[in-house]
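Single-structure report; data block below.
By convention in this document, chain letters (A, B, ...) are assigned in the order of the sequence lines, proteins followed by strands, and residues within each chain are numbered from 1.
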Amino acid sequence: MMDKPMKEKPTRGEMVSDFELLLAVGVFMIGIWIVTFILRAVLDPSTSPVFIAAIGGLGGVVCAIVGFFYVNLLAEFRMRRGQTGPTYTLRSVSMSFVRVFRRSAIKRPLASRLLAIVDFFFSPTTVEDIFQPLVGDLREQYLIALRHGRTWKARWIRVRLYYSFWHAVWSQTLGPVVERVVAAIWS
Amino acid sequence: MSDDLEIPRVSNTEALVLGLLADGTERFGLELVDQSSGKLKMGSIYTTLQRMSNKGLVTSRTEPRPDPEVGIPRRYFRITGLGVRIYNARLTYVRALREEFA
């Protein structure tokens, strides 16, 4: 049985450069937030402090999100080059959170929101006779395609479902009227 | 000249659906679209079938999914006696027209 090759321990130089980079990114983000906050307060003193705080907070959240994705992207490139270090650790932790959120996300069935919309606007008979069978048929095809691992076919069926759905909505609402008007004008 | 006999008008799309259902088997919307080789569209098939159902040309029933499956029940359509007669009458009419203009 062959031993696995040992992973090389990252050098101190790499670790320091990672820390420096993270520090630079963090300071940059916080700096933007502070400068924006101060500029708003100085340039427009009449503005409500609550409003300024809200804008500053929103900017901070946006910076944090951008920083999060930036660090992830950076770590991805570094991992491809086989590097390790604190960036790698940070990315592992952050990705584990992402995975937990993804795993716990409950997906709604395909076109369920559309059905809820038409359920509000159309009569129950129309929904049962037209929209539900249409969605039901294509949803089944979609699930069959996914079960066989045909992702692109599933995507195409989804597009087909949305197109057919809105076509049906059109033919139940303005479609016949427009056709009649156009026919009258044409004749 | 007035005519007391009310015969439902059948469009070309409705005639096509009647033709697909003419053998008496039950079919659902997607099946009809697939068998029409592109002449029927998924967005309009159920609207057409609802209109035909109102005219009495087809009848439908809802079949629930088999036990482990969940989801929207499938709706099957079958041609009625009136539908068969109208389809045959239309077929005769179209053939006569073809002979006339051949």
Side-chain angles (χ1 to χ4, degrees), chain A residues 106-119 121-147 153-180 183, chain B residues 8-18 20-21 25-80 83:
Chain A
I106 298 169
K107 298 267 180 183
R108 294 167 67 103
L110 190 64
S112 56
R113 282 197 187 91
L114 292 179
L115 275 180
I117 291 169
V118 291
D119 197 36
F121 286 106
F122 291 93
S123 69
T125 318
T126 310
V127 173
E128 280 175 23
D129 287 355
I130 294 170
F131 296 110
Q132 280 190 353
L134 190 155
V135 170
D137 283 354
L138 287 170
R139 196 185 274 174
E140 191 183 343
Q141 296 293 309
Y142 175 78
L143 292 175
I144 289 169
L146 280 184
R147 195 190 300 155
K153 190 181 177 187
R155 281 179 189 144
W156 171 243
I157 290 168
R158 193 167 57 183
V159 171
R160 199 177 162 201
L161 194 156
Y162 289 139
Y163 172 75
S164 305
F165 189 89
W166 289 112
H167 187 262
V169 169
W170 170 256
S171 64
Q172 283 295 313
T173 50
L174 291 172
V177 179
V178 171
E179 279 172 19
R180 246 175 260 149
Chain B
R9 287 184 182 181
V10 179
S11 67
N12 288 337
T13 313
E14 290 171 359
L16 186 64
V17 175
L18 284 178
L20 291 168
L21 293 171
T25 52
E26 282 185 323
R27 287 195 172 87
F28 58 95
L30 188 62
E31 212 175 354
L32 289 168
V33 171
D34 288 344
Q35 288 177 355
S36 71
S37 56
K39 288 176 188 165
L40 293 173
K41 302 289 174 203
M42 198 62 207
S44 59
I45 184 68
Y46 282 107
T47 311
T48 308
L49 284 166
Q50 189 200 36
R51 204 167 50 232
M52 290 171 74
S53 187
N54 291 340
K55 288 178 184 175
L57 302 173
V58 293
T59 179
S60 68
R61 72 175 177 88
T62 307
E63 190 177 274
R65 301 272 171 188
D67 201 15
E69 291 181 19
V70 287
I72 299 169
R74 183 172 274 171
R75 187 170 281 253
Y76 283 96
F77 292 87
R78 179 194 284 273
I79 194 166
T80 59

Contact summary for A:S171 and B:G43, nearest pair of heavy atoms: OG-O, 4.3 Å
Within a radius of less than 6.0 Å around OH of A:Y162, do more than 12 heavy atoms belonging to other residues, nucleotides or ligands occur? yes
The interface call for A:L115 against chain B, heavy-atom contacts under 4.5 Å, is side chain
Can a salt bridge be assigned to the pair A:D137 and B:R75 using a cut-off of 4.0 Å between side-chain N and carboxylate O? no
With chain A, the option among B:E31, B:K41, B:R74 that has the most non-hydrogen atom pairs under 4.5 Å is B:R74
Using a 4.5 angstrom heavy-atom cutoff, name the option from A:P109, A:G136, A:P133 with the most pairs to chain B. A:P133
For A:S164 and B:M42, work out which heavy atoms get closest and say how close. OG-CB, 3.4 Å
So, taking the atom named CD in A:Q141 and the one named CG in B:D34, what distance separates them when rounded to the nearest 0.5 Å? 7.0 Å
Hey, what do you get for CG (B:L30) to CD (A:E140), rounding to the nearest 0.5 Å? 8.5 Å
Are there residues of residues 46-55 of chain B that reach to under 4.5 Å of chain A by heavy atoms, and which ones? B:Y46, B:T47, B:Q50
